[in-house]
Novice: 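A single structure is presented below for examination.
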There are 2 protein chains.
Amino acid sequence: MIRVVLAEDQSMVRGALASLLGLEPDIEVVGEAANGDEVIAVAEATRPDIALLDIEMPGRDGIAAAEELRRRVPGCRVVILTTFGRPGYLRRAMEAGAVAFLVKDSPASELAAAIRRVLRGERVIDPGLAAAALSAGPNPLSPRERDVLSAAVDGSTINDIALRLHLSEGTVRNYLSAAIHKTGARNRIEAVQKAQAQGWL
Amino acid sequence: MIRVVLAEDQSMVRGALASLLGLEPDIEVVGEAANGDEVIAVAEATRPDIALLDIEMPGRDGIAAAEELRRRVPGCRVVILTTFGRPGYLRRAMEAGAVAFLVKDSPASELAAAIRRVLRGERVIDPGLAAAALSAGPNPLSPRERDVLSAAVDGSTINDIALRLHLSEGTVRNYLSAAIHKTGARNRIEAVQKAQAQGWL
DNA sequence: ACGCGCGGATGACAAATGTCATCGCGAACG
DNA sequence: CGTTCGCGATGACATTTGTCATCCGCGCGT
């Protein structure tokens with residue numbers, strides 16, 4: 001039996017995925033978690049073959065959890081299952097030690113298939129997405145530019161951001177200007193959108 | 001047997017939900033669709049007892065589909081299943097004739113339970129969400145203010161919006177200013193966020 | 001008949017935002 | 001050892017955005 005733990009924050013989706021995997025005769029869901037911190041505890045307790053992780057989760061996200069799992073539960077292979085096939089996500093997932101990267105809008109049958117292929121030692125990555133990740137190149141934003149742009153997603157003013165990050169207003173404007181330039185955007189909002197679409201935040 | 005059709009754009013989630021419902025001895029998934037247009041065709045062909053609809057779908061969304069289904073397949077009860085429990089969504093779903101409104105982060109067991117309750121003639125709505133929808137009041141934005149604010153979500157400049165909607169720049173600014181005021185926001189971006197959080201767009 | 005709200009517009013003004021040049025500091029790298 | 005790069009800052013400047021008062025016309029309700 002292939003032993004799987006599941007991390008996904010939406011209970012109903014998590015339950016549905018568990019049921020989907022439960023249909024497979026050679027797969028067994030031995031644990032579930034609603035976020036990245038939980039899944040580490042669950043995996044340490046159950047020592048599964050596979051950890052199936054969503055990326056967007058409250059608290060520690062799936063990528064951070066993958067990194068931690070590699071250290072704490074070395075025998076456990078990480079499969080990322082995410083809504084958004086963003087190039088930057090794929091890149092970071094691979095760097096965090098994931099061996100497969102699936103998007104939720106591929107057919108349901110691919111989930112079990114991917115898990116079996118991973119168990120045979122293969123890596124499973126959508127070829128189109130792999131190409132996009134490679135052609136897009138690495139994240140051009142410096143860490144601080146990322147911070148500032150991330151702080152701008154919720155519509156904060158320059159002043160808000162400056163206070164939150166303990167920077168001067170001018171500095172915030174400079175970083176934002178750089179981020180706007182590097183993303184090829186025309187203003188802050190476009191920069192945020194483009195960076196998010198690439199998985200750079 | 002309770003006959004159900006399922007509309008959800010993410011294949012894997014759709015398949016997983018189908019599997020979840022398939023576990024129930026008295027429920028049968030007789031059709032699946034990836035968007036609001038498909039589900040109407042499927043429901044007309046299969047005449048199900050229940051249509052389980054996601055809201056966020058490409059093309060015709062779940063709420064618009066619900067409205068159309070009420071006319072075209074009157075015997076079919078509509079259950080909305082959505083990621084976001086936004087007050088405005090609930091309100092619009094009810095106006096569109098839905099009899100149940102579930103969010104994806106409630107427990108998986110609630111799905112079948114809700115379907116059975118609907119079949120007994122009950123309405124199923126999260127009490128907290130119902131309270132939020134009532135206390136939030138109706139959408140304060142005029143149709144045109146909605147249009148303009150919607151056109152601003154992607155970071156377009158005033159100029160872009162004016163061209164796209166065939167308005168003068170000043171008019172666009174006026175509508176945005178009104179929307180900012182009505183949402184209690186401090187700028188365009190916050191206004192978009194607040195309006196989306198309420199389900200007003 | 002009257003008021004009111006909505007759509008649409010203009011002009012003026014203040015505030016926020018984006019751009020650019022320039023500076024200092026420290027760490028990394030050849 | 002010099003160069004480069006990231007971080008942080010300042011000041012000046014042009015542009016964009018947000019606000020407000022005011023106007024017109026239309027339709028709707030009383």
Side-chain angles (χ1 to χ4, degrees), chain A residues 88 91-92 95 136-201, chain B residues 88 91-92 95 136-201:
Chain A
R91 182 181 295 264
R92 281 191 277 154
E95 285 166 2
N139 190 336
L141 302 175
S142 79
R144 215 57 180 136
E145 284 162 0
R146 258 200 314 273
D147 291 343
V148 174
L149 198 54
S150 300
V153 295
D154 60 351
S156 297
T157 65
I158 300 269
N159 205 309
D160 293 338
I161 302 172
L163 292 175
R164 198 161 353 137
L165 301 187
H166 309 289
L167 291 173
S168 91
E169 297 194 24
T171 303
V172 171
R173 290 217 296 251
N174 288 340
Y175 281 131
L176 281 178
S177 184
I180 289 166
H181 185 242
K182 287 183 178 178
T183 51
R186 289 172 306 167
N187 56 51
R188 213 190 305 200
I189 319 172
E190 271 194 7
V192 166
Q193 310 243 329
K194 293 200 179 197
Q196 282 180 333
Q198 295 293 325
W200 287 340
L201 297 189
Chain B
R91 182 181 295 263
R92 282 191 277 155
E95 284 165 3
N139 189 336
L141 301 174
S142 79
R144 215 55 180 139
E145 286 162 358
R146 257 199 315 270
D147 292 343
V148 173
L149 198 54
S150 300
V153 294
D154 60 350
S156 297
T157 63
I158 299 267
N159 206 310
D160 292 339
I161 301 171
L163 292 174
R164 199 162 352 136
L165 300 186
H166 308 291
L167 291 174
S168 91
E169 298 193 21
T171 303
V172 171
R173 289 218 295 256
N174 287 340
Y175 281 132
L176 281 179
S177 184
I180 289 166
H181 186 241
K182 287 182 178 177
T183 51
R186 287 172 306 167
N187 57 49
R188 211 188 310 192
I189 319 172
E190 270 194 7
V192 166
Q193 310 243 331
K194 293 201 178 194
Q196 282 180 334
Q198 294 293 324
W200 288 339
L201 296 188

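Note on naming: letters A, B, ... go to the chains in the order of the sequence lines (proteins, then strands), and numbering restarts at 1 for each one.
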Novice: Figure out the NZ/C1' separation between B/K182 and C/dC6, and round it to whole Å.
Specialist: 9 Å

Novice: Round to the nearest Å and state the distance from A/I189 atom CD1 to C/dG18 atom P.
Specialist: 8 Å

Novice: Is there a side-chain contact between B/D154 and B/D160, using heavy atoms and a 4.5 Å cut-off?
Specialist: no

Novice: Within the modelled atom types, does a donor on one side and an acceptor on the other bring the side chain of B/N159 and the base of D/dT15 under 3.5 Å apart?
Specialist: no

Novice: Counting only distance, no hydrogens or angles, is the base of C/dG7 paired donor-acceptor with the side chain of B/R144 under 3.5 Å?
Specialist: no

Novice: Quiz question: by atom type and distance under 3.5 Å, do the side chains of B/R186 and A/T157 form a donor-acceptor pair?
Specialist: no

Novice: Hey, which of B/N139, B/D147, B/L149 is the one that makes side chain to side chain contact (heavy atoms under 4.5 Å, CB included) with B/L201?
Specialist: B/L149

Novice: Distance check needed: D/dT10 P versus A/I158 CD1, whole Å only.
Specialist: 14 Å

Novice: Starting at atom CD1 of A/I180, determine the distance to atom C1' of C/dT17, rounded to an integer number of angstrom.
Specialist: 8 Å

Novice: Please tell me which of B/E145 and A/L176 maps to the more 5' nucleotide of DNA chain C, matching each residue to the nucleotide holding its nearest heavy atom.
Specialist: B/E145

Novice: If the cut-off is 4.0 Å, is B/R188 near the phosphate of D/dT17, judged by side-chain N/O to OP1 or OP2?
Specialist: yes

Novice: What's the closest nucleotide to the side chain of A/R173 if the choices are C/dG8, D/dG11, D/dA12?
Specialist: D/dA12

Novice: Quick check for you: among C/dT10, D/dA9, D/dC7, whose closest atom lies nearest to any side-chain atom of A/L167?
Specialist: D/dA9

Novice: Take atom OH of B/Y175 and atom P of C/dG5, then tell me their distance rounded to the nearest Å.
Specialist: 15 Å

Novice: Tell me: CG of B/L141 to P of C/dC6, nearest whole Å?
Specialist: 11 Å

Novice: Establish, with yes or no, whether the OP1 or OP2 oxygen of D/dG8 is under 4.0 angstrom from a side-chain nitrogen or oxygen of A/S168.
Specialist: no

Novice: Find the distance A/N174:CG to C/dC20:P and express it as a whole number of Å.
Specialist: 11 Å

Novice: Determine whether a donor-acceptor pair (N or O, by modelled atom type, separation under 3.5 Å) exists between the side chain of B/Q193 and the backbone of A/V153.
Specialist: yes

Novice: B/I161 pairs by side chain to side chain contact (heavy atoms under 4.5 Å, CB included) with which of B/N159, B/L165, B/I158, B/L163?
Specialist: B/L165

Novice: Quick one: label B/S142 by what it contacts on the DNA or RNA (base, sugar-phosphate, nothing), any heavy atom closer than 4.0 Å.
Specialist: sugar-phosphate

Novice: For the pair made of CG in B/D160 and C1' in D/dT16, what is the distance, rounded to whole Å?
Specialist: 12 Å

Novice: Give a yes or no on whether a donor-acceptor pair under 3.5 Å exists between the nucleobase atoms of D/dT17, that is its base, and the side chain of A/N187.
Specialist: no

